[in-house]
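Note that this is a predicted model, so its numbers are computed, not measured. Counting starts at 1 for both ligands and their atoms, in listed order.
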Amino acid sequence: MSKIRSVGILTSGGDAPGMNAAIRAVTRASIFAGFKVYGIYRGYRGLITDEIEEFSTQNVSNIIQRGGTILKTARCKEFQTAEGRQAAYDVLKRHEIDALVVIGGDGSLTGARIFGNEYSFPIVGLPGTIDNDLYGTDSTIGYDTALNTIMECVDKIRDTATSHERLFFIEVMGRDAGFLALNGAIASGAEAAIIPEISTKADQLADLIESGFRKSKNSSIVLVAESPITGGAMGLAERVKNEFPDYDVRVTILGHLQRGGSPTAFDRIIASRMGAAAVDALLDDQRNVMIGIKNDEIVYVPFTKAIKNEKPINHELLSTLRRLSI
Ligand code: F6P
């Protein structure tokens with residue numbers, strides 16, 4: 001039997017659409033299980049500075065459709081220090097919170113892993129990031145919405161690209177991962193995706209130009225994953241201007257609009273399922289695990305596996321993109 005009586009919830013790192021649906025699910029499933037629930041504002045920073053409020057079911061009413069996070073979020077340097085984590089532990093003890101659900105990406109779950117081990121504190125993580133770069137889950141919360149946002153933006157850029165017969169490099173987020181760029185390219189019918197996963201093995205730009213990718217077309221769209229490894233859209237455009245001056249090149253950096261907006265049905269559903277599963281995991285005395293969904297089944301992924309365990313790119317997607325862009 002679990003000894004847990006009260007659960008704290010926080011969101012940390014970059015926000016992602018669907019985080020609110022996850023907060024709602026954890027809150028309601030916890031109350032259903034008989035736990036007290038505390039909302040912790042501004043991620044680990046709010047944990048250290050004691051920005052905590054007891055939540056009832058009403059605190060999470062009418063939020064499933066909202067982007068962002070009602071708990072706010074932050075990137076907290078102090079939690080990376082032993083003193084910061086001690087202060088956080090003291091606050092948790094003071095509120096008699098005996099488990100945490102942390103919703104965030106790689107950095108947030110790394111913090112959770114360290115803290116959970118240091119204080120033997122039960123923590124369950126939910127993968128909340130548009131980057132989809134956590135190992136052990138097919139999709140992270142927010143990824144599908146960001147992908148749809150990218151697709152809508154590229155559809156619009158295509159109109160002007162076609163009218164002016166231009167080559168567009170469109171830079172998308174993803175930190176060190178190319179999932180948004182690769183699947184965004186397939187969904188929007190782009191000519192190519194330049195992603196960090198294969199940038200060290202090939203000069204993707206030269207390959208693209210040499211393949212004569214514009215022979216049958218008068219405009220082209222290339223999605224570029226933000227990363228020093230790809231050179232980013234600006235870097236590639238500069239190269240094209242110097243090496244292939246015949247092309248009329250433009251750059252669009254989609255930026256933070258990719259993180260906003262109402263979550264898709266898919267993100268709301270996985271966030272709800274994962275949130276409820278986090279409470280099941282606590283009831284089951286699981287700790288230091290991230291909830292994932294693999295082949296439509298809930299799975300528990302140890303933090304050590306989920307984090308920094310390179311999630312591979314599916315090479316079938318690359319081949320499909322290449323074949324469909326002729
Ligand atoms: O991890 C999510 C993410 O949006 C990345 O794709 C991006 O590199 C980063 O966060 C941007 O962070 P910030 O909003 O702090 O600039």
* N or O contact, Gly14 vs ligand 1, cut-off under 3.5 Å -> no

* Can we call the ring centroids of Tyr44 and Phe115 under 6.0 Å apart? -> no

* **Residue, atom name and distance, where the atom is the protein heavy atom closest to atom 3 (C) of ligand 1** => Arg259 NH1, 3.5 Å

* Structure fact -> Of all protein heavy atoms, the one nearest atom 2 (C) of ligand 1 is Asp131 OD2, 3.3 Å

* Structure fact -> Honestly, for Glu226 the part within reach of ligand 1 (heavy atoms, under 4.0 Å) is side chain

* Contact check, Gln258 vs ligand 1, heavy-atom distance below 4.0 Å -> no

* To do: Applying salt bridge (Lys or Arg N to Asp or Glu O under 4.0 Å), name anything that partners Glu53, two or more places apart in sequence or on another chain.
  => none

* Asked: Hey, which atoms in ligand 1 end up nearer than 4.0 Å to a heavy atom of His256?
  -> 13 (P), 14 (O), 16 (O)

* Asked: Is there a heavy atom in Gly105 that sits closer than 4.0 Å to ligand 1?
  -> no

* To do: Output yes when Arg166 and Asp248 qualify as a salt bridge under the 4.0 Å nitrogen-oxygen rule, no when they do not.
  => yes

Please list every donor-acceptor pair under 3.5 Å in which a side-chain atom of residues 269-282 meets a protein atom from a residue at least two apart or in another chain.
| from | atom 1 | to | atom 2 | distance (Å) |
| --- | --- | --- | --- | --- |
| Ser272 | OG | Arg268 | O | 2.7 |
| Arg273 | NH1 | Asp296 | OD1 | 2.8 |
| Arg273 | NH2 | Asp296 | O | 2.9 |

* Asked: Can you list the steps and then say if Leu167 with Phe169 is a side-chain contact (heavy atoms from CB on, under 4.5 Å)?
  -> CA-CA 7 Å; Leu167 163 61; Phe169 286 112; 4.1 Å; yes

* Electrostatic pair Asp106:Arg175 at N-O distance under 4.0 angstrom -> no

* List the closest protein heavy-atom neighbour of atom 15 (O) of ligand 1: residue, atom name, distance to the nearest 0.1 Å. => Arg75 NE, 3.0 Å

